[in-house]
Amino acid sequence: MAGSVMVPSVSIGLALCVIIFFALALKPLEARGTFGRLAGKPPQRTASGGICASSVHIYGYKCEEHDVVTQDGYILNMQRIPEGRTGTGAGDGVKRQPVLIQHGILVDGMSWLLNPADQNLPLILADQGFDVWMGNTRGTKFSRRHKYLNPSQRAFWNWSWDELVSYDLPAMFEHIQGLTGQKIHYLGHSLGTLIGFASFSEKGLVDKVRSAAMLSPVAYLSHMTTVIGDIAAKSFLAEATSILGWAEFNPKSGLVGGFIKAICLKAGIDCYDLLSVITGKNCCLNASTIDLFLANEPQSTSTKNMIHLAQTVRDKELRKYNYGSSDRNIKQYGQAIPPSYNISAIPHDLPLFFSYGGLDSLADVKDVEFLLDQFKYHDITKMNVQFVKDYAHADFIMGVTAKDVVYNQVATFFKRQA
């Protein structure tokens, strides 16, 4: 039913599958298999002093922390890596093209920096001559600030990915362009691709973007093959959280984590290999990187955002948040059904790079192919599509082979748009 907030079992799959993995990973697990938490103490490299200090400076790169204020008052943290490790700064006369790298759901910019320096996408791009920026959307560890609100207030969490499209991305783009005077290359992974598609379809940022690279692109999710999606959906965790009055969806909270763990155990799912169960069998992850990942993630998001993600899957199209009744939608939008984001409205001459995996259980091949069909009228000379047969969802951000398989191709694509 169009006005209902509750969703069928498949529709909440993306949100809850990711939540289940993170919640179960919060406590040390017996070392078992490739993706279990390693025995002994977890890594001590955390972002307590900022992402630059913890994850960029340690490799010998310059890094700047920037704060950006959105039009609705959120203070977002960003990192800038202005040059490669070998030197030559802003005064060398070289005008480096800026790249904005945007993370996915329940993580922040640190998720790009968990491997050794020569395997991390932001540092690779900096070494190849780009001015690299990393965004951290509202609600994540270093973006839990607001001009007038604080995270303990319900109003702080009254947003979904609509607001990431309308406020967060525009604030980041304007800040970068204001400092560099140039158009921006955009790179997103997972939810970062979704908000990129939605934003570019509304054309508010089109005059600021030079090109876009989308890794594990997420927009249509009706063919997800994740094993636990249906089980998770039947619990309606995001909706239940909203009903209970929890505006912040925090996977680290005992109630949410315990609830999810009970579901997993009841279903007989191997929680120690849950990353593979959810994302697909990632081919190329390093166990120590996974351990570091679990030591620093997940990040909170809003319950409203989780419900919106569920609605996105249910509707099989991109629409603004559904407030649950025709009357409320009319009050918000002037129409009974929320307005849609028309991906085919993205300018046909915008250079695009897609990379997706054959083993990805979230960005399933059939769903990505349906997404690509929305670009059938796009200028074919502006479309670049890469299919990586052996990759699953996490390989694109943490894979030890990603530099050779994906990142070098992304850098080459960006350079061609100069």
Side-chain angles (χ1 to χ4, degrees), residues 2 14 70-72 99-100 102 104-105 135 137 159-174 176-177 183-223 305 308-309 311-323 329-330 332-356 363-364 366-386 413-414 417:
L14 171 66
T70 67
Q71 286 190 354
D72 58 345
V99 178
L100 172 60
Q102 186 56 53
I105 186 73
T137 55
W159 51 267
S160 76
W161 60 260
D162 280 336
E163 281 68 34
L164 307 186
V165 172
S166 299
Y167 298 111
D168 286 22
L169 279 189
M172 294 177 192
F173 267 75
E174 289 170 13
I176 296 170
Q177 191 173 59
K183 288 189 174 183
I184 300 158
H185 297 291
Y186 180 81
L187 186 146
H189 175 260
S190 194
L191 182 68
T193 70
L194 174 60
I195 62 176
F197 290 133
S199 181
F200 302 149
S201 74
E202 301 223 307
K203 301 184 179 180
L205 296 179
V206 167
D207 62 338
K208 296 181 176 67
V209 64
R210 187 187 300 266
S211 69
M214 305 301 201
L215 311 184
S216 294
V218 168
Y220 306 98
L221 296 161
S222 59
H223 292 94
N305 191 35
H308 193 188
L309 285 169
Q311 295 172 354
T312 302
V313 183
R314 175 202 66 199
D315 295 338
K316 299 182 181 180
E317 59 182 341
L318 299 184
R319 289 189 179 276
K320 294 184 184 290
Y321 183 82
N322 190 330
Y323 283 87
N329 285 334
I330 289 172
Q332 181 71 23
Y333 306 118
Q335 57 189 68
I337 299 175
S340 63
Y341 293 100
N342 181 11
I343 288 182
S344 62
I346 293 175
H348 296 171
D349 59 351
L350 176 65
L352 296 172
F353 177 94
F354 295 85
S355 187
Y356 64 109
D364 182 79
K366 291 182 180 178
D367 288 324
V368 176
E369 290 175 345
F370 182 77
L371 168 64
L372 291 173
D373 191 56
Q374 309 308 302
F375 294 91
K376 59 189 173 184
Y377 298 117
H378 209 81
D379 183 342
I380 193 171
T381 66
K382 302 292 185 179
M383 285 279 290
N384 297 260
V385 179
Q386 179 190 44
F413 165 74
F414 284 157
Q417 316 312 321

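Note that the numbering runs from 1 along the sequence shown for the chain.
- Judged by distance alone, the side chain of H348 and the main-chain N or O of K376 form no donor-acceptor pair under 3.5 Å.
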> Given the rule in the side chain to side chain contact (heavy atoms under 4.5 Å, CB included) test, do V368 and L372 qualify, once you have shown the distances and angles that lead to the verdict?
Replying inline: CA-CA 6 Å; V368 176; L372 291 173; 4.2 Å; yes
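- The two residues S199 and L205 have their closest heavy-atom pair at OG-CD1, 3.1 Å.
- L169 and V165 make their closest contact through CB-O, 4.4 Å (heavy atoms, listed as atom of the first residue, atom of the second, distance).
- Put simply, the side chain of N329 never gets that close to the backbone of Q335: no donor and acceptor are under 3.5 Å apart.
- A pairwise comparison of heavy atoms in R319 and I337 identifies NH1-CG2, 3.5 Å as the closest pair.
- Neither side chain, Y333 nor N322, offers a donor N or O lying under 3.5 Å from an acceptor on the other.
- With rounding to the nearest 0.5 Å, the separation of CG in L371 from CD in Q374 is 7.0 Å.
- Side chain of E163 to main chain of S160: a donor-acceptor pair is present (N/O by atom type, distance under 3.5 Å, no hydrogens or angles).
- Evaluation of the salt bridge (Lys or Arg N to Asp or Glu O under 4.0 Å) test over residues 198-220, restricted to residues two or more places apart or in two chains, returns E202-K320.
- In this structure a side-chain-to-backbone donor-acceptor pair under 3.5 Å is missing from S355 to L215.
- Taking CD1 of I176 as the start and CG of L100 as the end, the distance is 4.5 Å to the nearest 0.5 Å.
- Note that CG of L194 is 9.0 Å distant from CG of L164, once rounded to the nearest 0.5 Å.
- Considering only heavy atoms from C-beta on, F413 stays 4.5 Å or farther from H185 through its side chain.
- Within 6.0 Å of CD on Q71 lie no more than 12 heavy atoms contributed by other residues, nucleotides or ligands.
- Looking at S201, its side chain does come within 3.5 Å of a backbone N or O of A198 through a donor-acceptor pair.
- Here the OG1-CH2 distance, from T137 to W159, works out to 6.0 Å after rounding to the nearest 0.5 Å.
- Side chain of H378 to backbone of L350: a donor-acceptor contact under 3.5 angstrom is found.
- Between P338 and Y321, every side-chain heavy-atom pair lies at or beyond the 4.5 Å cut-off.
- Of all the heavy atoms in G192 and Y186, the pair that sits closest is O-OH, 2.6 Å.
- Here the CD-CE distance, from Q386 to M214, works out to 15.0 Å after rounding to the nearest 0.5 Å.
- Across all their heavy atoms, Y167 and T70 have their closest contact at O-CG2, 3.9 Å.
- The aromatic rings of F375 and F197 sit tilted, their planes meeting at an angle between 30° and 60°.
- Side chains of V218 and I105 form no contact here, defined as non-hydrogen atoms less than 4.5 Å apart.
- Here CG of D162 is found 11.0 Å from CD1 of I195. Values are rounded to the nearest 0.5 Å.
- Legend: residues meeting salt bridge (charged side-chain N to carboxylate O under 4.0 Å, His left out) with D72, ordered by chain and number and at least two apart, are R138.
- The minimum heavy-atom distance linking T193 with P217 is given by the pair OG1-CA, 3.4 Å.
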